[in-house]
Amino acid sequence: MPGARAAAIGSLTIAAMRVLVVGAGFAGCCAALLLRESLGADVIVLERAHVPGGMLRTLHTADGVPYEYGPRVVSVFRGTPDVLPFLRRYLDLQERRIYQGTRLRPGYPVIPFPVDIESLRALPCGAQVERELAAIRERGAPPGERDLRDYLETSVGPTLTELAFEGFNRKFWGRRLEDMPAEWGKLRRLERIARTGRYRLPSEAAHYYPAGGFNGLFDRMLAGVDVRYGVTVRRIESDGRRASVATDAGAFAADLVVSTAPIDAQLDHRHGALEWRGYRVEVDVVGRDAEPPLGTAPDGVPFAWLYTPWADTPVCRTTDFGVIHHGPRAADRPGPTVLLREIVDDSVAMYPVWWEDAKFLRYLDDAVRLANVIPLGRLGLYKYTTMDSTYAMVRRLADSLGEYLSAAPARRVELLRGVRGDWGN
Ligand SMILES: Cc1cc2nc3c(=O)[nH]c(=O)nc-3n(C[C@H](O)[C@H](O)[C@H](O)COP(=O)(O)OP(=O)(O)OC[C@H]3O[C@@H](n4cnc5c(N)ncnc54)[C@H](O)[C@@H]3O)c2cc1C
């Protein structure tokens with residue numbers, strides 16, 4: 001991985017270090033590669049599960065029909081296209097033109113997503129939405145800042161606020177718009193909708209499907225790495241020189257630990273558990289000859305994803321893997337495919353919540369005091385990540401590792417906040 005600089009703890013250089021990486025998800029595997037390939041460290045990966053990949057796994061139904069549990073495709077929507085050449089070392093990435101649709105209310109037709117003014121116009125309330133957007137543009141005032149409802153109603157209008165954001169917010173975040181800060185809308189620059197008539201931004205990224213699924217990625221990234229599967233890390237301690245990792249399979253000692261496991265659990269939940277939101281998944285096998293089950297875009301191409309933003313269905317998104325695996329032409333499907341529904345279920349830890357950030361920062365303050373223990377990834381740094389933002393995180397760590405290892409705790413916090421990036425990336 002380019003960009004890495006020689007790093008040292010005291011007089012020990014990374015090349016002479018024993019490094020433990022906790023977790024064989026995408027973050028842990030990228031870190032293990034960096035530490036071995038670029039810095040020459042002696043790396044052991046400890047993974048709780050019996051397979052690598054974490055959230056990123058291609059699964060199969062009892063009849064062997066494949067579907068993805070986490071990322072369905074590689075997308076470059078967070079501004080780090082350098083993940084593509086990196087992944088191409090391990091995967092045959094095939095570009096997919098993927099259409100996403102949304103039914104904004106029960107009984108409404110499915111329209112393309114990101115939504116645009118043309119498709120909104122076709123809805124029963126289309127004229128109303130258009131009038132509200134035109135009035136906002138004419139007024140030209142910045143969005144209100146009282147709370148997220150105020151922000152949205154003054155930047156996209158009350159009708160679109162209700163259709164696209166109200167129910168989704170309640171369902172997904174468990175909060176009313178008036179209980180969320182305007183800051184959330186600002187971060188996502190939702191006010192652009194009034195100018196463009198489009199929302200769900202940025203979303204026109206190219207998507208790539210890895211031929212044969214994602215699992216081979218981890219086998220190839222981990223080739224030659226000492227990975228211990230079925231080992232759960234319970235606690236990490238450090239005396240400043242050596243770190244010790246307590247696991248259910250005994251203790252491991254190391255010069256450096258990079259942990260992609262949950263930061264709160266690794267520090268004994270001393271500030272309380274960090275909150276997560278998530279989905280459970282339900283799968284149905286769909287026959288080869290079924291009509292496109294999610295409907296088709298105006299040009300006849302079937303939708304791969306369907307978003308359902310109203311509150312009184314627990315389903316957030318449905319995926320048709322036929323389109324993702326084989327492309328948009330039904331005739332290309334070699335056999336049955338999977339239709340997967342994501343059902344709101346907060347016992348599944350997928351998405352961190354912004355209102356826990358202060359608590360996370362207390363954990364980060366404690367973590368940096370363990371000089372040679374570095375939290376990383378979506379669980380270690382408590383941030384929603386995608387593959388490209390995970391890769392960017394690991395690259396940023398590589399760039400600051402030398403300084404990190406010899407810095408004072410206050411500077412380490414700054415560096416790790418930089419590695420984490422903000423909520424917008
Ligand atoms: C439904 C869904 C859809 C997604 N869609 C996309 C998408 O389209 N595009 C995209 O780019 N990204 C997408 N993502 C995000 C992507 O999955 C993540 O960015 C990425 O997989 C995070 O990797 P990670 O290594 O940080 O975390 P994880 O994948 O969670 O890996 C953490 C690993 O650590 C292990 N572990 C945890 N605790 C311990 C412990 N105590 N001891 C030992 N091991 C431990 C876990 O078993 C796991 O293997 C999606 C995620 C989900 C859930």
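Order of appearance sets the numbers: ligands from 1, and atoms from 1 within every ligand.
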The atoms of ligand 1 lying under 4.0 Å from a heavy atom of V231, numbered in the order shown, are 42 (N), 43 (C)
Candidates R420, R362, K383 - the one meeting salt bridge (charged side-chain N to carboxylate O under 4.0 Å, His left out) with D357: R420
Nearest-option assignment for atom 35 (C) of ligand 1, heavy atoms, candidates E47, K383, H50, Q266: E47
Part of Y229 with heavy atoms under 4.0 Å of ligand 1, whether side chain, backbone, both or neither: neither
Partner set under salt bridge (Lys or Arg N to Asp or Glu O under 4.0 Å) for R235, not counting sequence neighbours: E237, D268
Answer yes if the ring centres of Y151 and F165 are under 6.0 angstrom apart, and no otherwise. no
Option with minimal heavy-atom separation from atom 41 (N) of ligand 1, where the choices are V233, V22, V73: V233
Hey, do the aromatic rings of Y391 and F26 have their centres closer than 6.0 Å? no
Spell out, as yes or no, whether a donor-acceptor pair under 3.5 Å connects the side chain of D147 to the backbone of P181. no
Using a plain distance cutoff, I'd like to know if T232 has any nitrogen or oxygen under 3.5 Å from a nitrogen or oxygen of ligand 1. no
Please indicate whether any nitrogen or oxygen in M350 is less than 3.5 Å from any nitrogen or oxygen in ligand 1. no
Which word best sums up how the rings of H325 and Y209 line up, parallel for under 30°, tilted for 30 to 60°, or perpendicular for over 60°? tilted
Where's the contact between P262 and ligand 1, heavy-atom distance under 4.0 Å: side chain, backbone, both or neither? side chain
Could you list the atoms of ligand 1 found under 4.0 angstrom from a heavy atom of R48? 37 (C), 38 (N), 43 (C), 44 (N), 45 (C), 46 (C), 47 (O)
Quick check on contacts: which atoms of ligand 1 are under 4.0 angstrom from a heavy atom of Y69? 1 (C)
With respect to T385, determine whether any N or O atom, backbone or side chain, lies less than 3.5 Å from an N or O atom of ligand 1. yes
Suppose I only count heavy atoms of E342 and a 4.0 Å limit; which atoms of ligand 1 are within that range? 1 (C)
Under 3.5 Å between any N/O of A27 and any N/O of ligand 1: does that happen in this structure? yes
Restricting to heavy atoms, the pick from G23, P71, G70 nearest atom 17 (O) of ligand 1 would be P71
Would you check the N or O atoms of D388, main chain and side chain alike, for any that come under 3.5 Å of an N or O of ligand 1? no
Which of the atoms in ligand 1, numbered in the order shown and given with their element, are less than 4.0 Å from a heavy-atom of T386? 10 (C), 11 (O), 12 (N), 19 (O)
Using a strict cut-off of 4.0 Å, indicate which atoms of ligand 1 neighbour a heavy atom of L379. 30 (O), 32 (C)
Is ligand 1 under 4.0 Å from a heavy atom in the side chain of Y279, in the backbone, in both, or in neither? neither
Going by the 4.0 angstrom heavy-atom rule, the piece of R234 near ligand 1 is neither
Number the atoms of ligand 1 from 1 as they appear, then name those within less than 4.0 Å of a heavy atom of T390, with their elements. 19 (O)
Checking the side chain of S400 only, and the main-chain atoms of R396 only, is there a donor and an acceptor separated by less than 3.5 Å? yes
Heavy-atom contacts with G377 under 4.0 Å: which atoms of ligand 1 show up? List them by number with element. 26 (O)
Would you say ligand 1 has an N or O under 3.5 Å from any N or O of M55? yes
Plane angle bin for Y307 and W305 - parallel if under 30°, tilted between 30 and 60°, otherwise perpendicular: tilted
Can E414 and R417 be counted as an ion pair, charged N to O under 4.0 angstrom? no
Under the ring-ring contact (aromatic ring centres under 6.0 Å, His included) rule, what pairs show up with a residue in residues 224-275, not counting sequence neighbours? H271-Y363
Does any N/O atom on M387 come nearer than 3.5 Å to any N/O atom on ligand 1? yes
Between T58 (side chain only) and F214 (backbone N and O only), is there a donor and an acceptor less than 3.5 Å apart? yes
Do the ring centers of W355 and W184 come within less than 6.0 Å of each other? no
Hey, is D226 close enough to R228 for a salt bridge, meaning N to O under 4.0 Å? yes
